[in-house]
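Input: a single structure, listed below in structure tokens.
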Amino acid sequence: MKTKNVLITGGNGLLGYHLTRVYGDGTWNILSTDIHDHILSPGVSYSPLNICDKNAVFTLCNEFKPSLILNAAAFTNVDDCETSVDTAFAVNTFGPRYLAEWCALNPCKLIHFSTDYLFNGEAGPYSETACPDPINIYGLSKLGGESQIRRILKNHLIIRTNVLFGKGPTEKASFVRWVVESLRNHKLIHVVDDQYNNPTWSDDLAQAVKKLDQLELTGVLNYGGPDYMNRYEFACMVSDIFDLDKALIHPIATNRLALAAPRPLKGGLDISRIQSLPDVPLTPLKTILKRIKETGY
Ligand SMILES: NC(=O)C1=CN([C@@H]2O[C@H](COP(=O)(O)OP(=O)(O)OC[C@H]3O[C@@H](n4cnc5c(N)ncnc54)[C@H](OP(=O)(O)O)[C@@H]3O)[C@@H](O)[C@H]2O)C=CC1
Ligand SMILES: Cc1cn([C@H]2C[C@H](O)[C@@H](COP(=O)(O)OP(=O)(O)O[C@H]3O[C@@H](C)C(=O)[C@@H](O)[C@H]3O)O2)c(=O)[nH]c1=O
């Protein structure tokens, strides 16, 4: 008998898609949701849900009665957050608040996803106890989401991650896709060599969530990949594994790109805590890229 009702928000996004896949293995009743009218991965129950609409959140949750909510809905375009400030706070701060409010009134745990962009990038990789100091609107709005959850709900797990990549229905924020497609089209790209992170495979993270849920952990936990590097190094590794022309990748400093949002430079997450836990998948980056290539990308 399926005993647990699991609600997934942002189910059409990269992480939400993989959570839907991993949790949809028949063990639980899952309901995947997103702001869109239709689900992008077929075969699972789906309902549109805008997490910024408190009434809609409460109505759907009262009906479905989840005992676990996985909040993968977010406004993730870091540059657009600078101009769409109200939307950034609505989705990244108030959406999590409404979910936490419903959970606080019901026997329901909230697993929420956050980011290394909470930090200023002067001293990464950051541990779970490091002091946040966001330097862009996205980071500020995600910090707001964390604060709301901590204020309202005890039964929560906030998983901080960074530079998600993997195969998904949209992959709009995928750095790997951008590198592969540019090089395949013989396009020269300038890639920053002063932004450091630990790229995180969406498939591993989704599996890890299930494991961490089983371990009944609460509070804040970092989950990042085991390889810490700058974006230029990451792009070069992608080109090596995909047998593409590395000469097309030119290093550049972040300040020369004139991006709308400032980026933390020495970012990324210290993963010592997650490494000390049993059976949490943390596949090396090269192995992942080889697997992605072999399965067609
Ligand atoms: N991608 C990354 O590198 C990182 C992501 N994270 C965090 O991980 C989580 C998942 O990220 P990721 O899967 O990459 O994000 P995506 O942008 O791929 O997915 C987010 C999904 O949420 C949807 N959405 C947007 N607004 C709402 C809303 N109001 N109500 C319901 N759904 C909405 C988006 O729709 P639409 O596309 O139409 O906006 C999209 O389908 C987020 O919390 C993010 O902040 C943390 C660190 C790194
Ligand atoms: C346009 C451009 C960007 N870049 C680099 C700099 C820039 O920071 C980065 C943009 O790629 P991304 O979209 O992956 O990066 P960005 O939006 O900065 O990535 C972030 O996403 C959010 C959601 C997070 O939470 C963070 O952890 C992080 O993963 O790529 C280049 O190197 N060359 C270019 O020509």
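Counting starts at 1 for both ligands and their atoms, following the listed order. These figures come from a predicted structure and were not determined experimentally.
Ligand 2 lies nowhere less than 4.0 angstrom from a heavy atom belonging to Tyr232. At least one heavy atom of Trp178 sits less than 4.0 Å from an atom of ligand 2. The closest approach between Tyr117 and ligand 1 stays at or above 4.0 Å for every heavy atom of the residue. The closest approach between any non-hydrogen atom of Gly11 and ligand 1 is not below 4.0 Å. Heavy-atom distances between Gly95 and ligand 1 stay at or above 4.0 Å for every pair.
Proximity annotation for atom 20 (C) of ligand 2: of Tyr117, Phe165, Phe175, Phe113, Tyr117 comes nearest, heavy atoms only. Distances from atom 6 (C) of ligand 2 to the heavy atoms of Lys142, Arg160, Gln195 put Gln195 nearest. Across the listed options Leu257, Leu269, Val191, Leu257 owns the non-hydrogen atom lying nearest to atom 4 (N) of ligand 2. When Arg177, Arg263, Arg231, Arg256 are ranked by how near their heavy atoms come to atom 11 (O) of ligand 2, first place goes to Arg231.
Considering both main-chain and side-chain atoms, Asn162 never comes within under 3.5 Å of ligand 2 through any nitrogen or oxygen pair.
Salt-bridge formation is not detected for the pair Glu294/Lys290: no Lys NZ or Arg NE/NH1/NH2 atom is positioned less than 4.0 Å from an Asp or Glu carboxylate oxygen.
In the hydrophobic clustering (ILVMFWY side chains linked at under 4.5 Å, chained through shared members), Leu257 is joined by Val192, Ile252, Leu259.
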